[in-house]
Amino acid sequence: MGRGRRGSKRGSFKNHGSRNSSSRGRGNFKNKRKFNKDEDRKKDAESDNKRQKLQPEKESEPLVEESSSSSESEEEVKPYTQLLSMFKSGNRAQQVLTSDEEESEDVDSEDKSEEADNRSEADSFSELGDEEMDKEVSEEIDTEDENDEEERDLRGVQEADEVEEDDEELDDEEDEDETEEEPSGDEEEMGSSTDPYYLHYEREMSESLLETLTSPKPYETQELNWKALGRMVTHLPAKIDKKTEKPKPVLLGETTEKYVTPGTMPILKAGVPLVDYGVKSQLCANLDKRPLSDGSTQTAEEVLSPLQHELFSIANEYRDIYYPEMNHLNIDEIRTVYCLHSLNHVMKSRDKVLLHNAKLKKYKENGQSTDDVEFRDQGLVRPRVLIIAPLRNSAVKIVEKLASLLLPVKGQIINKDRFYKEFGEEKDEEDKKENKKSYKPEDYEAVFTGNTDDSFRIGISVAKRTLKLYAGFYKADILIASPLGARTLLADDFDFLCSIEVLVIDQTDVLYMQNWDHVLHIFQHLHLQPREQHDTDLGRVRLWALNGYSPHYRQNLIFSSVALPEAAALFSRRGTNFAGKVRVENVVLPSATTVCRVLVQLPQAFHRFPTPTAAQSADDRFHFFTKKILPQYRDLLMSNTLIYIPSYYDYVRLRNHLHKEEYNFGQACEYTPDGKLAQVRNRFFLGKKRLLLYTERLHFYRRLTMKGIHHIVFYQLPTFPNFYPELCNLLQDAFQNPKYRGDGSQTCTVLYSTYDAQRLAAIVGSQRAAEMLTSDRSVHLFVSGGS
């Protein structure tokens, strides 16, 4: 190692094969070249694939000093207009992507100066071509995120010594592989004119477009039909008058010549290779798992399924998506789409920063001033992607999907053992599987198999061959958190949410069953002004981020298994993406209705009650039920009645009313202890409790087989349409009390209003629901089963 180096300088380089770092430092350079200096000069001129990573020690030290002085002099970030006061002209060359870039700058300066002497004086840096620039990108990528000390997570957990040893081994392995790979920044620079990432994030927003997005009605809707997604409602920014004159100067007194283009109708491309969509070739190769296949030459239709192809075509253009047709069969396909899109976004952002860092270093090496050079390529903080997931088992599947897409054969996941220890399946789950007696539906098994803890958060930093878990939130590129795990942190710190560019909400229906207020709390803390600078070079921050326009650049991807009005409101009110929004709204065909799955011969009466507004519907529902429906069940013939209540607030209100009227009833909710729940179920089966209040959340989390039901009342239609046939089929004779078997007197009563249109359509079909909502009759009868 180090053949051809001067003896006086040999000790300042870390031996590539040595594990002894006590006499050196983690930031020391690792010599990988196997030839002497004379051969270096010849091969550098002959081939671009052989590069030497040396950097002057004298020139790198001022950058570190400026970085520390800037972070120490500023204590707090005030309004966006005051952010610029923290910026100093001498601080523009500061490199802030990771702290390990500063550590890797302490290298030998003598050999580098000899190389500079051999260059022609006529070759000024201003005429340097893109090929020579792109050389430096891969040099930065080699050392990025590999030599830094183990960070602490937000809870202050310190990494173990074994993890640090793994990092050093990974450094040695990566340095050998990176010398044979192409620079990762050339793809972005060459395709920047048509790259969706460049078109969305590298341009400023015009004043006219900003006025449109902040107006009361910023979007115009149009319909579009694709084969896999079906009927889509597209929201595009309202048409604006194009202004030929330049806008008034913004912050820093600068104007831009190119502005973002408002979104247009999406177009589905056919026969186009996936790499032409702007996807990194590394991701394309890892996505195509077929043997002996070249991912870069495969078209998108060959690599992706029809659903994935259409979803990715929309997501890749940074449009917002609301897809309410996720299920346990296609959830893996959907995760592949948003993980691929998130990784592609992070890698492009990272390569852009590293490319500009390399150019700034070249300026320093050539002794040129960087006062007139400006690269806007970062946000106020590093985290760019936020994925909200309900349970730890979902986080495991997301991380595994990210690893399969990013890492090649020699890639490595740092802190993998710790992750599976904390997020993996609990030991008691295996015993529960062996002792499981009752049958659970497939959708229940898909959601609740594995670790079902709903409080977690984890940061992930992405390198070319590394996926580092448990990275500090301000050193991470991707954040995965549950609503509860994020909210417990937002009370103390929310700066990590101020530069989120891609927001993914996975399994929104499960989040709705947990606590929807936590999700709203996260949205309220997005893109707030940061309290601290967090070592950010404000000279590298994009102007639209400094101006507070980040919400208009953020992409929201919302996936759910059911159409939720709360999710639709979140999609329409909390998203103002200038690229447009796409909402999937397919009609429910009669063959797909859940009422057809009721196997019991059962008369089902649907009662429509009048209500003027959605806010008043809860009160009108309660008065209608207590005055028109509930008095009928005082009769002795109407015993063993189960009342299904989706909302916990309605459950408490109705429980208090039954106590006041002295009804003989039992109660079963998600907070009922197991012992008391078993006692109530037994008394209800024997007829000792004539009424039983049963909440939707209890059925969602437990899927209990309630026996002894003779009459069922849906206080409100279920959120999940499959719950309706599940509960109605419990009225069959196999689950009945012996004294009621075979009498055929079971009944089903349903309450609904015009504001339950989506739930009603999922159960009886879109066409039939429209007729029931507009009919002059308020009662509609369905009879299922029979021979």
Side-chain angles (χ1 to χ4, degrees), residues 153-154 311 315 318 320-324 326 331-332 334-343 345-346 381 383-402 419 423 447-448 450-460 469 471 473 476-491 493-528 550-551 554-562 564 566-575 577 581:
D153 59 10
L154 293 177
L311 277 177
Y318 290 96
D320 289 4
I321 299 177
Y322 175 44
Y323 183 72
M326 172 188 282
I331 186 171
D332 186 70
I334 295 174
R335 280 182 178 147
T336 301
V337 170
Y338 73 70
C339 288
L340 174 65
H341 176 61
S342 300
L343 284 175
H345 175 75
V346 169
V381 291
R384 300 180 178 93
V385 178
L386 173 62
I387 301 177
I388 302 177
L391 304 172
R392 286 181 182 254
N393 56 16
S394 303
V396 171
K397 296 174 183 177
I398 294 172
V399 170
E400 290 176 348
K401 183 64 66 176
L402 292 173
F419 174 74
F423 284 76
V447 173
F448 294 102
N451 194 331
T452 58
D453 183 20
D454 61 350
S455 179
F456 65 89
R457 53 182 180 266
I458 184 173
I460 302 175
L469 308 178
F473 269 25
D477 300 298
I478 301 175
L479 306 179
I480 304 177
S482 65
L484 180 60
R487 179 158 190 172
T488 56
L489 185 64
L490 291 177
D493 185 17
F494 53 80
D495 290 358
F496 58 90
L497 296 179
C498 67
S499 294
I500 297 298
E501 298 169 352
V502 178
L503 173 61
V504 181
I505 305 180
D506 192 6
Q507 296 176 280
T508 310
D509 51 305
V510 182
L511 302 177
Y512 180 74
M513 287 289 104
Q514 292 177 345
N515 194 332
W516 189 248
D517 184 62
H518 294 338
V519 179
L520 299 178
H521 192 75
I522 294 176
F523 271 81
Q524 292 171 359
H525 287 78
L526 288 172
H527 307 298
L528 299 180
S550 298
R554 187 187 73 238
Q555 180 188 30
N556 299 324
L557 305 177
I558 304 177
F559 303 100
S560 174
S561 64
V562 293
L564 298 171
E566 292 80 4
L570 191 71
F571 178 77
S572 59
R573 297 178 182 177
R574 299 301 180 97
N577 189 352
K581 302 187 289 186

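Note that the structure is predicted; figures quoted are calculated from it, not measured. Heavy-atom basis, side chains included; hydrogens, waters and symmetry copies ignored.
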Requested in this report: Before giving the answer on side-chain contact (heavy atoms from CB on, under 4.5 Å), spell out for Leu511 and His518 the whole-Å C-alpha distance, their side-chain angles and the decisive distance to 0.1 Å.
Outcome: CA-CA 9 Å; Leu511 302 177; His518 294 338; over 6 Å; no
Report task. Could you walk me through whether Ile321 and Leu311 pass the side-chain contact (heavy atoms from CB on, under 4.5 Å) test, one step at a time? Result -> CA-CA 8 Å; Ile321 299 177; Leu311 277 177; 4.2 Å; yes
Requested in this report: For side chain to side chain donor-acceptor pair (under 3.5 Å), just list the numbers for Arg384 and His345, CA-CA rounded to whole Å, side-chain angles, deciding distance to a tenth of an Å, and then say yes or no.
Outcome: CA-CA 9 Å; Arg384 300 180 178 93; His345 175 75; 5.4 Å; no
Requested in this report: Go through the steps for Arg487 and Asp517 under the test salt bridge (charged side-chain N to carboxylate O under 4.0 Å, His left out), then give the verdict.
Outcome: CA-CA 10 Å; Arg487 179 158 190 172; Asp517 184 62; 2.6 Å; yes
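Panel note: side chain Ser550, backbone Ser499; no donor-acceptor pair is recorded below 3.5 Å. Proximity of a side-chain donor or acceptor of Arg574 to a complementary backbone N or O of Ala569 within less than 3.5 Å is not detected. No side-chain donor-acceptor contact under 3.5 Å links Asn451 to the backbone of Leu391. Between the Asn556 side chain and the Ile558 main chain, no donor and acceptor come within less than 3.5 Å of each other.
Pro390 approaches Ser482 most closely through the heavy-atom pair O-CB, 4.0 Å. Nearest heavy atoms, Ala481 versus Arg457: CB-CB, 3.8 Å. Across all their heavy atoms, Leu402 and Leu343 have their closest contact at O-CD1, 3.5 Å.
Under a cutoff of 6.0 Å and an axis angle of 45°, Lys581 and Phe571 form a cation-pi pair.
Between His521 and His525, the two ring planes are tilted [angle within 30° to 60°].
Looking at Val502, Ile522, Ile505 one by one, the single match for side chain to side chain contact (heavy atoms under 4.5 Å, CB included) with Leu386 turns out to be Ile522. Checked against Ser342 for a side chain to side chain contact (heavy atoms under 4.5 Å, CB included), the options Val385, Asp477, Ile460 give a single hit: Val385.
Going from atom CD1 of Ile500 over to atom CD of Gln555 covers 12.5 Å, rounded to the nearest 0.5 Å.
The side-chain heavy atoms of Phe559 and Val504, taken from C-beta on, include a pair separated by under 4.5 Å. Within the 4.5 Å cutoff, the side chain of Ile398 has heavy atoms near those of the Tyr338 side chain.
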